[in-house]
Amino acid sequence: MSTAIGYSRLLESFCVSSSKSYDSVFKCITPPPIDIDQYALRLGVYYYCSEEAIISAAVISRRIHAVDPLLFCNSSIHKIMAASLLVATKLVDDVHYRNSYYAECAGVVVEELNLLELTLLQTLDYR
């Protein structure tokens with residue numbers, strides 16, 4: 001799972017200070033109790049995703065960063081990771097599960113994960 005750690009380090013490198021970022025659906029009210037490396041490992045295991053999906057999630061995150069760099073801060077990267085990996089898993093892997101399962105793994109409710117997925121796709125102007 002070194003790919004998952006590499007992905008988490010990429011997201012950390014994108015972070016700006018919280019004072020420069022703005023409120024969005026990705027921003028957590030309180031910082032998550034799990035660090036981003038452990039969160040990446042958790043999602044990599046419980047999403048049952050391939051290494052290719054993790055790499056695709058990193059590409060998706062880079063594209064989001066190119067469009068909106070101020071979106072990334074320590075309070076938002078967990079949700080950005082969960083949504084990017086969800087989209088990448090659906091695009092790359094042959095088998096994927098219901099969003100309710102992924103939401104449980106990510107530690108959010110399914111309605112929030114659905115909103116994160118939609119917002120991510122809209123940010124990328126996905127058609």
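Note that the structure is predicted; figures quoted are calculated from it, not measured. The chain is numbered in sequence order, starting from 1.
The backbone N or O of Ser50 lies less than 3.5 Å from a partner atom in the side chain of Asp93, making a donor-acceptor pair. The closest donor-acceptor contact from the side chain of Ser76 to the backbone of Phe26 lies at 3.5 Å or more, if one exists at all. No donor-acceptor pair closer than 3.5 Å links the side chain of Tyr7 to the backbone N or O of Ser56. With hydrogens and angles disregarded, a donor-acceptor distance shorter than 3.5 Å links the side chain of Ser13 to the backbone of Leu10.
Annotation: ring-ring contact (aromatic ring centres under 6.0 Å, His included) contacts of Phe14 (sequence neighbours excluded): His65, Phe72. Taking Tyr97 as the reference, Tyr48, Val95, Tyr101, Tyr102 meet the side-chain contact (heavy atoms from CB on, under 4.5 Å) condition, with sequence neighbours excluded. The ring-ring contact (aromatic ring centres under 6.0 Å, His included) search around His96 returns none, not counting sequence neighbours.
Of all heavy-atom pairs between Ser61 and Ile80, the closest is OG-CG2, 4.2 Å. Closest approach of Ile36 and Glu12 over heavy atoms only: CG2-OE2, 3.2 Å. In plain terms, the two heavy atoms of Ala53 and Ala88 that are nearest each other are O-CB, 3.2 Å. Gly44 and Leu85 get closest at one heavy-atom pair: N-CD2, 4.4 Å. In terms of heavy atoms, Cys105 sits closest to Tyr47 at CB-CE1, 3.8 Å.
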Would Tyr39 and Ser8 count as a side-chain contact (heavy atoms from CB on, under 4.5 Å) here? Give the steps.
CA-CA 8 Å; Tyr39 193 67; Ser8 69; over 6 Å; no

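Put simply, Leu115 and Leu71 are part of the same group of oily side chains (I, L, V, M, F, W, Y) that touch within less than 4.5 Å, one to the next. Cluster membership check: Leu118 does not share its hydrophobic cluster with Val67, using side-chain heavy-atom separations under 4.5 Å among Ile, Leu, Val, Met, Phe, Trp and Tyr. Leu11 and Leu70 fall within the same hydrophobic cluster, where Ile, Leu, Val, Met, Phe, Trp and Tyr residues are linked whenever their side-chain heavy atoms come under 4.5 Å apart, directly or through other members. The hydrophobic clustering, which links ILVMFWY residues whose side-chain heavy atoms are closer than 4.5 Å, places Tyr46 and Ile34 together. Cluster annotation: Leu121 and Ile60 are assigned to the same hydrophobic cluster (Ile/Leu/Val/Met/Phe/Trp/Tyr, side-chain heavy-atom contacts under 4.5 Å, transitive).
Using a 4.5 Å heavy-atom threshold, the side chains of Asp37 and Arg9 count as touching. Val16 places none of its side-chain heavy atoms less than 4.5 Å from the side chain of Pro69. Proximity of Leu124 to Leu120: side-chain heavy atoms (C-beta onward) are separated by under 4.5 Å at one or more points. In this structure, Lys90 and Asn99 have side chains that are in contact, with non-hydrogen atoms separated by less than 4.5 Å. Using a 4.5 Å heavy-atom cutoff, the side chains of Leu41 and Gln38 are in contact.
Distance check: Leu86 CG to Leu91 CG gives 9.5 Å after rounding to the nearest 0.5 Å. Rounding to the nearest 0.5 Å places CD1 of Ile77 at 4.0 Å from SG of Cys15. With values rounded to the nearest 0.5 angstrom, Tyr126 atom OH is found 10.0 Å from Glu117 atom CD. Separation of atoms CZ (Arg42) and CE (Met81) is listed at 13.0 Å; rounding is to 0.5 Å. Distance check: Glu112 CD to Thr119 OG1 gives 10.0 Å after rounding to the nearest 0.5 Å. One distance of note links CD of Glu111 with CG of Leu116; it measures 11.5 Å at 0.5 Å rounding.
In Glu104, the CD atom is not crowded: 12 or fewer heavy atoms of neighbouring residues, nucleotides or ligands sit closer than 6.0 Å.
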